[in-house]
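Reviewing the structure listed below.
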Amino acid sequence: MAGSRVTGLPWTVVLVGLMGAGKTSVGRRLAGRLGVAFVDADTEIERAAGLTIPEIFATHGEAEFRRGEEQVIVRLLRGTPGVLATGGGAFMSANTRQAIRDSAVSVWLRADLDTLVERVSSRVDRPLLHGRDARETLRALIDVRYPQYAEADLVVDSGSDAIEPTVDRVWCEIKRRMAAERHGA
């Protein structure tokens with residue numbers, strides 16, 4: 001593990017990226033390293049709706065899910081600074097991106113297509129993949145979403161290696177960002 005805990009995290013660290021990029025796995029470990037709480041936006045959305053995300057998609061559709069997602073993320077950003085993992089489509093909302101820009105630091109966990117396919121192929125809880133070819137769906141999502149993800153404050157590659165090296169890379173970027181802000185850069 002690189003370094004020790006950071007005291008006084010000045011903002012929430014918001015992890016963005018496609019499904020399979022490692023937002024939840026990296027987020028949990030990063031929060032532990034930073035000594036702050038970890039929150040998964042999808043879990044909070046399910047709690048608020050009283051339904052699972054696949055149930056929300058099936059019952060209310062994606063548009064209604066996205067509206068609820070935006071409200072939950074804005075509420076979470078008003079809380080104590082911590083680490084927040086968002087769903088893959090959350091950063092596509094201009095309102096959500098602006099809320100994150102205003103009160104947090106966003107980190108895009110960027111992963112290549114092969115890594116994403118490998119990580120999500122065995123998962124059955126991904127509504128956007130239900131009944132679809134994972135590779136083709138992810139390729140289409142990359143084309144649409146990567147230009148938006150590129151607006152994140154920081155970009156960290158989430159490769160096919162173990163989780164810990166990705167956590168190390170995010171940790172280093174967060175420490176650099178905090179140091180730059182302390183020194184007025």
Side-chain angles (χ1 to χ4, degrees), residues 1-6 9-43 69 73 76-77 81-94 96-101 103-123 125-126 128-129 133-181 185:
M1 181 159 80
S4 59
R5 288 184 187 223
V6 170
L9 187 66
W11 19 250
T12 292
V13 176
V14 178
L15 301 176
V16 302
L18 275 181
M19 62 184 94
K23 298 179 301 285
T24 300
S25 300
V26 169
R28 284 188 211 292
R29 287 188 172 104
L30 180 65
R33 196 176 286 190
L34 291 167
V36 297
F38 169 75
V39 178
D40 186 302
D42 286 348
T43 301
E69 177 180 56
I73 288 171
L76 293 170
L77 289 173
V83 176
L84 172 62
T86 62
F91 208 63
M92 299 307 292
S93 158
T96 300
R97 279 195 313 279
Q98 189 59 52
I100 292 168
R101 251 185 233 112
S103 62
V105 169
S106 54
V107 180
W108 172 21
L109 294 182
R110 180 174 56 191
D112 64 42
L113 179 61
D114 289 335
T115 298
L116 295 170
V117 170
E118 180 182 323
R119 290 179 181 170
V120 303
S121 347
S122 61
R123 302 281 303 265
D125 61 341
R126 307 285 186 169
L128 292 179
L129 295 180
D133 177 80
R135 178 171 291 280
E136 290 309 311
T137 301
L138 287 166
R139 179 175 287 127
L141 288 171
I142 284 171
D143 291 345
V144 171
R145 292 182 178 178
Y146 275 24
Q148 297 298 320
Y149 294 158
E151 293 181 27
D153 297 308
L154 305 169
V155 179
V156 174
D157 287 317
S158 174
S160 58
D161 51 5
I163 293 167
E164 220 38 57
T166 302
V167 176
D168 289 342
R169 290 189 289 272
V170 175
W171 168 256
C172 288
E173 290 300 320
I174 295 299
K175 287 194 314 185
R176 274 192 206 109
R177 178 69 177 238
M178 289 177 67
E181 286 186 12

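For clarity, every value in this text was computed on a predicted model and none was experimentally measured.
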Could you tell me whether a side-chain N or O of [X] sits under 3.5 Å from a main-chain N or O of [Y], the two making a donor and an acceptor?
X	Y	answer
Thr137	Asp133	yes
Ser106	Val14	no
Lys23	Gly17	yes
Thr43	Val39	no

Could you tell me which residues satisfy side chain to side chain contact (heavy atoms under 4.5 Å, CB included) with [X], sequence neighbours excluded, listed by chain and number?
X	value
Ser93	Glu70, Asn95, Thr96
Asp42	Asp40, Ile45, Ile53, Phe65, Glu69
Gln148	Met92, Arg97, Glu151

Determine whether the aromatic ring centres of residues Trp108 and Phe91 are separated by less than 6.0 angstrom.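 Here the rings of Trp108 and Phe91 have centres that are no less than 6.0 Å from each other.
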Any side-chain heavy atom of [X] sitting closer than 4.5 Å to one from [Y]?
X	Y	answer
Pro10	Met178	yes
Leu109	Val16	no
Met19	Leu116	no
Leu138	Val120	yes

Asp114/Arg119 ion pair, N-O < 4.0 Å: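 Looking at Asp114 and Arg119, the cut-off is not met.
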